[in-house]
> 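This is the structure I want to talk about, given as structure tokens.
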Amino acid sequence: MSLTATIEFQGKKYEFPVTEGTEGEMGIDIKTLRGASGLVTLDPGYKNTGSCESAITFLDGEKGILRYRGYSIEELAEHADFLEVAYLLIFGELPNKEQLEKFDADIKAESHVDEEMKKILDGFPKSAHPMGVLSSLTSALIAFNPSAVDVSSEEKMYTSIVRILAKFPVLVAWAMRKKMGLPLDYGDDSLGYVENIHKMMFKRPNQEYKRNPLVIEALDKLLILHADHEQNCSTSTVRIVGSSHAGLFASLSAGISALWGPLHGGANQAVLEMLEAIQEDGGDTKKYMAKAKDKNDPFRLMGFGHRVYKNFDPRARIIKKSADEVLGDLGIDDPILDIAKGLEKEALEDKYFVDRKLYPNVDFYSGIIYRALGIPVEMFTVMFALGRLPGWIAQWREMRLKKEPIGRPRQIYTGENHRSFKKINER
Ligand code: SDX
């Protein structure tokens, strides 16, 4: 029996079909609303509005569930590696051995970035934020890969996908090395995907690269945990830019800019800066809790709260556990971790946070691990983008293959009614 919903307005009833997802989520399909009633909906921030049907990632914010293509984030973080998860998100199934080996080889074959790109990087001052550099370099890649993705050809779509999966880590490493005053290097195809990224980021010109499996494992897990998160701000940006049939690289560049914001992916950098400020302030967490609750103070407890999760962010649980393991394995005693745990305990017992269902999110503990891995704080959100890349690609591909219409929301106009022009001497 097909589900419907009825809206009654000015004495007239309008019936709409209700779409039910495979996990029981329901959405009123209002495609005909304006034509039938003259009404539009109003929902700033799209808190109640679904933009699409998607088969990639499922979230249950009340239960704290996150699954990529049906597999739980806990199992993937425990048993998979990042390249497998990238393949799963983009193509819908975990790869078998041959498929994974081919994927890896195809990516390696595309890992060269045109030397001319270094001239663009040279144009940035060292003080430039790496997210701005990365967004620009990603867009600049179009100039060296001009043919827009022919989405009607699975083969051409595949080539574009492996191309950006191969070149993006090089751009990430170059953005970091520019900031650190290190020469710009290329990858080492003899290494695994994540280890190659780590080597490109950290290899010193005058030293042998020291392989540390614990560090690579921790980085791989962090990238998996950031790989997709359904219709978040940056993914919705990638989708809406791609819906105009702008290319994949241009859409990704826009997504990077959206992720940069401190309310979104930029929160991981803001969390570390907040924790360092608390540490400098003698560890006075109560002062910062009071600031976070003061409506006259713009300060927010960064790393807390989430649009969807009204329970623990499952990724935060995994990252918190991993932070203890990584710092323990590396023999690092970072007081910032203790401050974070103290802040979390206080917030989880505080009425303001409990009433608003504000829990630690993915960004609350991730920076502590990045710092332990020697990643500069301004690179934290770049690491988020590196992890989110396969998710953005998967969502862009799904949107284009489904031939979704161009995204163009409506509005309610609240400005001046019609008025006639006045000459300047009449104003
Ligand atoms: C990410 O969407 C995704 O999936 C994102 C992400 C992904 O993987 O892509 O999960 C990654 O972006 C995680 C979020 C990282 N951002 C932060 O940690 C920044 C701090 N958090 C907030 O700014 C906020 O919680 C948001 C932006 C995350 C969510 O904001 P909402 O859903 O718009 O909620 P809201 O701003 O309307 O807040 C509801 C209430 C308000 O109080 P009242 O007006 O009801 O009295 O909760 C308060 C807010 O003031 N509140 C906070 C708070 N977060 C919300 N108060 C203090 N500190 C906070 N962190």
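One-based numbering, in listed order, for ligands and for the atoms of each. Predicted, not measured: the structure shown is a model, and the values here were computed from it.
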> Between ligand 1 and Arg307, is the shortest N or O to N or O distance under 3.5 Å?
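Yes.
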
> Counting only heavy atoms, tell me which of Arg300, Lys357, Arg315, Arg388 gets closest to atom 22 (C) of ligand 1.
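Among Arg300, Lys357, Arg315, Arg388, the closest heavy atom to atom 22 (C) of ligand 1 belongs to Arg300.
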
> Mind checking whether Tyr359 contacts ligand 1 via backbone (N, CA, C, O), side chain (CB onward), both or neither, at a 4.0 Å heavy-atom cut-off?
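Contact part for Tyr359 vs ligand 1: neither.
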
> Which is it for Lys291 and ligand 1 at heavy atoms under 4.0 Å: side chain, backbone, both or neither?
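Contact part for Lys291 vs ligand 1: neither.
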
> Which residue supplies the protein heavy atom nearest to atom 17 (C) of ligand 1, what is that atom called, and how far is it?
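I find the closest protein heavy atom is Ala267 CB, 3.5 Å.
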
> Should the pair Lys341-Asp324 be classified as a salt bridge under the 4.0 Å nitrogen-to-oxygen rule?
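Yes, Lys341 and Asp324 are salt-bridged.
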
> Is it the case that ligand 1 has an N or O less than 3.5 angstrom from some N or O of Asp313?
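No.
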
> Measure the acute angle between the ring planes of Tyr158 and Phe103, then classify it against the limits of 30° and 60° as parallel, tilted or perpendicular.
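The arrangement is tilted - the two ring planes meet at 30° to 60°.
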
> To check your reading of the model: name the closest protein heavy atom to atom 57 (C) of ligand 1, its residue, and the distance in Å.
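Result: Ala292 O, 3.6 Å.
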
> Answer with side chain, backbone, both or neither: which part of Asn361 has a heavy atom less than 4.0 angstrom from an atom of ligand 1?
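The answer is the side chain.
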
> Side chain, backbone, both or neither: which part of Lys293 has a heavy atom under 4.0 Å from ligand 1?
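No part of Lys293 is near ligand 1 at this cut-off.
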
> Output yes when Glu74 and Arg317 qualify as a salt bridge under the 4.0 Å nitrogen-oxygen rule, no when they do not.
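Salt bridge flag = no for Arg317 with Glu74.
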
> Is the contact between His306 and ligand 1 made by the side chain, the backbone, both, or neither, using heavy atoms and a 4.0 Å cut-off?
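Both the backbone and the side chain of His306 come within reach of ligand 1.
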
> Between Thr235 and ligand 1, which part of the residue brings a heavy atom under 4.0 Å of the ligand: side chain, backbone, both or neither?
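It is neither; nothing of Thr235 touches ligand 1.
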
> May I ask you to check if ligand 1 and Met302 share an N or O to N or O distance below 3.5 Å?
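N/O-N/O distance below 3.5 Å does not exist for this pair.
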
> Side chains of His264 and Ser234: is there a donor and an acceptor less than 3.5 Å apart?
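The answer is yes; a qualifying pair exists.
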
> Does the side chain of Asp150 pick up a donor-acceptor pair with the side chain of Ser153 at under 3.5 Å?
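Asp150 vs Ser153: no donor-acceptor pair found between side chains.
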
> Does any N/O atom on Phe304 come nearer than 3.5 Å to any N/O atom on ligand 1?
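Right, the criterion is met.
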
> So if I count the atoms of ligand 1 from 1 in the order they appear, which ones are less than 4.0 Å from some heavy atom of Asn232?
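Once the distances to Asn232 are compared, the set is 2 (O), 3 (C), 4 (O), 5 (C), 9 (O).
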
> Determine, for Asp281 against Lys287, whether the closest basic-nitrogen to carboxylate-oxygen distance falls under 4.0 angstrom.
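Between Lys287 and Asp281 there is a salt bridge, with a charged N closer than 4.0 Å to a carboxylate O.
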
> Quiz question for you: does at least one protein heavy atom lie closer than 4.0 Å to atom 19 (C) of ligand 1?
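Within 4.0 Å: yes, protein heavy atom nearby.
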
> To which of Arg356, Lys295, Glu230 does the heavy atom nearest atom 44 (O) of ligand 1 belong?
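Heavy atom nearest to atom 44 (O) of ligand 1 belongs to Lys295.
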
> Just to check, does Tyr352 reach to within less than 4.0 Å of ligand 1 when the distance is taken from its heavy atoms?
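Tyr352 counts as a contact of ligand 1 under the 4.0 Å cut-off.
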
> Evaluate the side-chain proximity of Arg397 to Glu154: yes if any heavy-atom separation is below 4.5 Å, no if none is.
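Counting from C-beta outward, Glu154 and Arg397 do come under 4.5 Å.
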
> Report the part of Lys47 (side chain from C-beta onward, or backbone N, CA, C, O) that has a heavy atom under 4.0 Å from ligand 1; answer both or neither where that applies.
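Side chain only.
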
> Does any N or O atom in His229 lie less than 3.5 angstrom from one in ligand 1, N or O only?
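So ligand 1 has an N or O lying under 3.5 Å from an N or O of His229.
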
> Is Lys321 salt-bridged to Glu325, cutoff N-O under 4.0 Å?
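Salt bridge: yes.
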
> What I want to find out is whether Lys47 reaches Asp43 closely enough, with some N-O distance under 4.0 Å, to be called a salt bridge.
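No, Lys47 and Asp43 are not salt-bridged.
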
> Check this for me - ligand 1, Leu301, N or O atoms closer than 3.5 angstrom, yes or no?
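There is such a contact, yes.
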
> At a 4.0 Å cut-off, with the gap strictly under it, does some heavy atom of Asp363 reach an atom of ligand 1?
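Contact present.
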
> Is it the case that the side chain of Ser253 and the backbone of Phe249 share a donor-acceptor pair, with hydrogens and angles ignored and the cut-off at 3.5 Å?
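Side chain of Ser253 to backbone of Phe249, a donor-acceptor pair under 3.5 Å: no, none is there.
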
> Do we get Arg356 above Tyr352's six-membered ring, with its NZ or CZ under 6.0 Å from the centre and within 45° of the axis?
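Yes, Arg356 lies over the aromatic ring of Tyr352.
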
> Just to verify, which of Arg177, Met180, Met383 counts as forming a side-chain contact (heavy atoms from CB on, under 4.5 Å) with Met201?
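Exactly one candidate clears the test, Met383.
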
> Among all protein heavy atoms, pick out the one at the shortest distance from atom 16 (N) of ligand 1; state its residue, atom name and that distance to 0.1 Å.
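Closest protein heavy atom to atom 16 (N) of ligand 1: Leu263 O, 2.8 Å.
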
> Taking 4.0 Å as the limit for heavy-atom contacts, which would you say applies to Phe364 with ligand 1: side chain only, backbone only, both, or neither?
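Phe364 to ligand 1: no contact under 4.0 Å from either part.
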
> Check for a donor-acceptor pair, side chain of Lys167 on one end and backbone N or O of Glu110 on the other, with a separation under 3.5 Å.
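It does hold such a pair.
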
> Can you tell me which portion of His264 lies within the under-4.0 Å heavy-atom range of ligand 1? Options are side chain, backbone, both, or neither.
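Contact part for His264 vs ligand 1: both backbone and side chain.
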
> Measuring from atom 25 (O) of ligand 1, which candidate in Gly305, Pro44, Gly303 has the nearest non-hydrogen atom?
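Residue with the shortest heavy-atom distance to the ligand atom: Gly305.
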
> Can you tell which of Leu358, Asp355, Leu259 gets a heavy atom nearest to atom 55 (C) of ligand 1?
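Nearest option to atom 55 (C) of ligand 1, by heavy atoms: Leu358.
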
> Under 3.5 Å, side chain of Tyr87 to main-chain N/O of Gly92, donor-acceptor pair present?
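A pair under 3.5 Å: no.
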
> Answer yes when Glu398 and Lys402 have at least one side-chain N-carboxylate O distance shorter than 4.0 Å, and no when they do not.
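Here Glu398 does not pair with Lys402 in a salt bridge, since their nearest N and O are not under 4.0 Å apart.
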
